[in-house]
There are 2 protein chains.
Amino acid sequence: MHHRHSYWKDKLKGSGCRLTLPRRVIFEVLNSTTKHLSAEDIYFMIHKKYPGIGLTTVYRTLDMMVRMGLVDKFDFGDGHSRYELLEAQDKQHHHHLICTKCGKVVDYTDFIKEEIALVKQTEEGLSKKYNFKINSHVTQFYGLCDKCKK
Amino acid sequence: MHHRHSYWKDKLKGSGCRLTLPRRVIFEVLNSTTKHLSAEDIYFMIHKKYPGIGLTTVYRTLDMMVRMGLVDKFDFGDGHSRYELLEAQDKQHHHHLICTKCGKVVDYTDFIKEEIALVKQTEEGLSKKYNFKINSHVTQFYGLCDKCKK
DNA sequence: AATATTAATGAAAATGATTTTCAATAGCAA
DNA sequence: TTGCTATTGAAAATCATTTTCATTAATATT
Ligand SMILES: [Mn+2]
Ligand SMILES: [Mn+2]
Ligand SMILES: [Zn+2]
Ligand SMILES: [Zn+2]
């Protein structure tokens with residue numbers, strides 16, 4: 001985790017960017033949660049302690065982190081983009097299970113091995129057949145969670 | 001295809017809805033394309049012949065068709081929701097391959113058999129483990145198409 | 001066919017997430 | 001410190017989509 005810290009900071013500096021307070025704070029929020037936060041979520045989470053940091057900056061910072069490949073941006077269909085630190089903590093590549101009623105999101109890695117194998121194979125086939133250079137994929141399951149089922 | 005026409009019309013009427021000109025026109029557009037159109041796309045496609053049909057109605061009609069389970073709504077990440085008639089023509093369940101540069105979308109069904117099998121199996125496992133009732137899934141590959149690669 | 005009922009429509013206004021603008025600020029290299 | 005300029009915050013702008021509301025038209029009834 002410590003090497004990751006320096007890693008992203010170095011990466012910032014390496015591309016002529018500055019290490020600012022908002023950037024450090026926003027990174028820390030993402031690094032210490034398991035949730036899938038929206039820009040507004042983050043804004044409110046830090047606003048008490050850092051009232052000087054504006055929502056605009058949250059958006060800009062998240063956007064930058066996405067471009068740096070540090071953060072993943074998701075759309076779960078509720079009108080708010082959500083962000084998640086890549087390779088954070090013990091996190092690995094995973095897919096999502098989303099409750100369409102309450103918005104609950106589950107990261108699952110259970111069947112990821114088989115999925116990854118199939119995905120890799122599919123990617124290869126598709127790349128060849130359609131001449132695409134595939135960079136990423138998204139798999140999401142939508143449904144109703146435990147509580148919302150009844 | 002003829003039975004499909006009557007099918008959706010019957011479904012409409014069955015739920016107390018009226019069969020109006022905008023609805024017929026919008027259905028026809030979706031039924032005669034292989035593309036993934038946005039509300040605005042549809043609006044402009046019909047505007048010359050039917051200048052009386054407003055964008056609001058296009059949105060409303062698409063929304064209704066989605067609720068009826070007649071149309072699928074997708075977000076390919078370009079800021080416009082896109083719509084596709086379900087089970088239209090020779091179309092089957094399929095996944096998408098999206099060029100992040102030019103927006104080209106490919107429907108592919110090549111590896112769908114294996115995918116479907118895995119998806120079904122994954123759904124079962126996830127349903128059990130997380131107590132979700134899974135209703136749908138989305139799988140999309142992002143990359144660069146033939147032309148945009150270079 | 002004429003009429004009554006009310007779902008559906010279109011224009012305009014509102015919404016709300018995200019982006020842009022721009023003058024002020026703060027990293028950081030020298 | 002100083003100077004350069006990337007970054008910031010506030011306010012305004014953008015833009016896809018939704019809401020409002022008076023009008024219209026689909027359909028059931030006469
Ligand atoms: Mn996740
Ligand atoms: Mn498709
Ligand atoms: Zn739920
Ligand atoms: Zn392309």
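Everything quoted here is computed from the prediction, not taken from an experiment. In what follows, chains are A, B, ... by sequence order, proteins preceding strands, each numbered from 1.
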Under 4.0 Å protein heavy-atom contact, by nucleotide of nucleotides 7-17 of chain D - B base, S sugar-phosphate only
SBBBB----SS
ring-ring contact (aromatic ring centres under 6.0 Å, His included) partners of A:Tyr50, counting only residues at least two apart
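Partners of A:Tyr50 under the ring-ring contact (aromatic ring centres under 6.0 Å, His included) test: none.
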Return the set of residues passing ring-ring contact (aromatic ring centres under 6.0 Å, His included) with A:Tyr142 (not counting sequence neighbours), or none when no residue passes.
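Residues passing ring-ring contact (aromatic ring centres under 6.0 Å, His included) with A:Tyr142: none at all.
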Can you list, by chain and residue number, the hydrophobic cluster partners of B:Leu144 when the side-chain cut-off is 4.5 Å?
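So far as hydrophobic clustering goes, B:Leu144 is joined with none.
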Classify the ring geometry between A:His94 and A:His96 as parallel (under 30°), tilted (30 to 60°) or perpendicular (over 60°).
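Perpendicular.
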Throw together a table of side-chain donor-acceptor distances under 3.5 angstrom for residues 126-139 of chain A, partners on residues two or more places apart or in other chains.
| residue | atom | partner | partner atom | Å |
| --- | --- | --- | --- | --- |
| A:Ser127 | OG | A:Glu123 | O | 2.8 |
| A:Ser127 | OG | A:Phe132 | O | 3.3 |
| A:Lys129 | NZ | B:Asp110 | OD2 | 2.5 |
| A:Tyr130 | OH | B:Asp110 | OD1 | 2.9 |
| A:Asn131 | OD1 | B:Lys149 | NZ | 3.0 |
| A:Lys133 | NZ | A:Asn135 | OD1 | 3.0 |
| A:His137 | NE2 | A:His93 | NE2 | 3.4 |
| A:His137 | NE2 | A:His95 | NE2 | 3.1 |
| A:Thr139 | OG1 | B:Thr139 | OG1 | 3.4 |

Set of side chain to side chain donor-acceptor pair (under 3.5 Å) partners for B:Ser81, sequence neighbours left out:
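Scan of B:Ser81 (side chain to side chain donor-acceptor pair (under 3.5 Å), adjacent residues dropped) gives none.
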Once side chain to side chain donor-acceptor pair (under 3.5 Å) is applied, what residue pairs with a partner in residues 69-80 of chain A remain, sequence neighbours excluded?
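Non-adjacent pairs meeting side chain to side chain donor-acceptor pair (under 3.5 Å): A:Asp78-A:Arg82.
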Expressed in angstrom and rounded to an integer, what is the separation of [X] atom [atom1] from [N] atom [atom2]?
| X | N | atom1 | atom2 | answer |
| --- | --- | --- | --- | --- |
| B:Tyr50 | C:dG10 | OH | P | 13 Å |
| B:Phe27 | C:dA8 | CZ | P | 17 Å |
| A:Asp75 | C:dT18 | CG | P | 9 Å |
| B:His47 | C:dG10 | NE2 | P | 10 Å |

Between A:Lys13 and C:dG27, is there a side-chain N or O to OP1/OP2 distance below 4.0 Å?
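So the side chain of A:Lys13 is outside the cut-off, no N or O lying under 4.0 Å from OP1 or OP2 of C:dG27.
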Let me check the geometry of the helix from C:dA1-D:dT30 to C:dA30-D:dT1. What is the bend angle between the axes at its two ends, five pairs each, to 10°?
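If I round to tens, the end axes sit 40° apart.
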Contacts of A:Glu84 that satisfy salt bridge (charged side-chain N to carboxylate O under 4.0 Å, His left out) - sequence neighbours left out:
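Salt bridge (charged side-chain N to carboxylate O under 4.0 Å, His left out) check on A:Glu84 returns A:Lys91.
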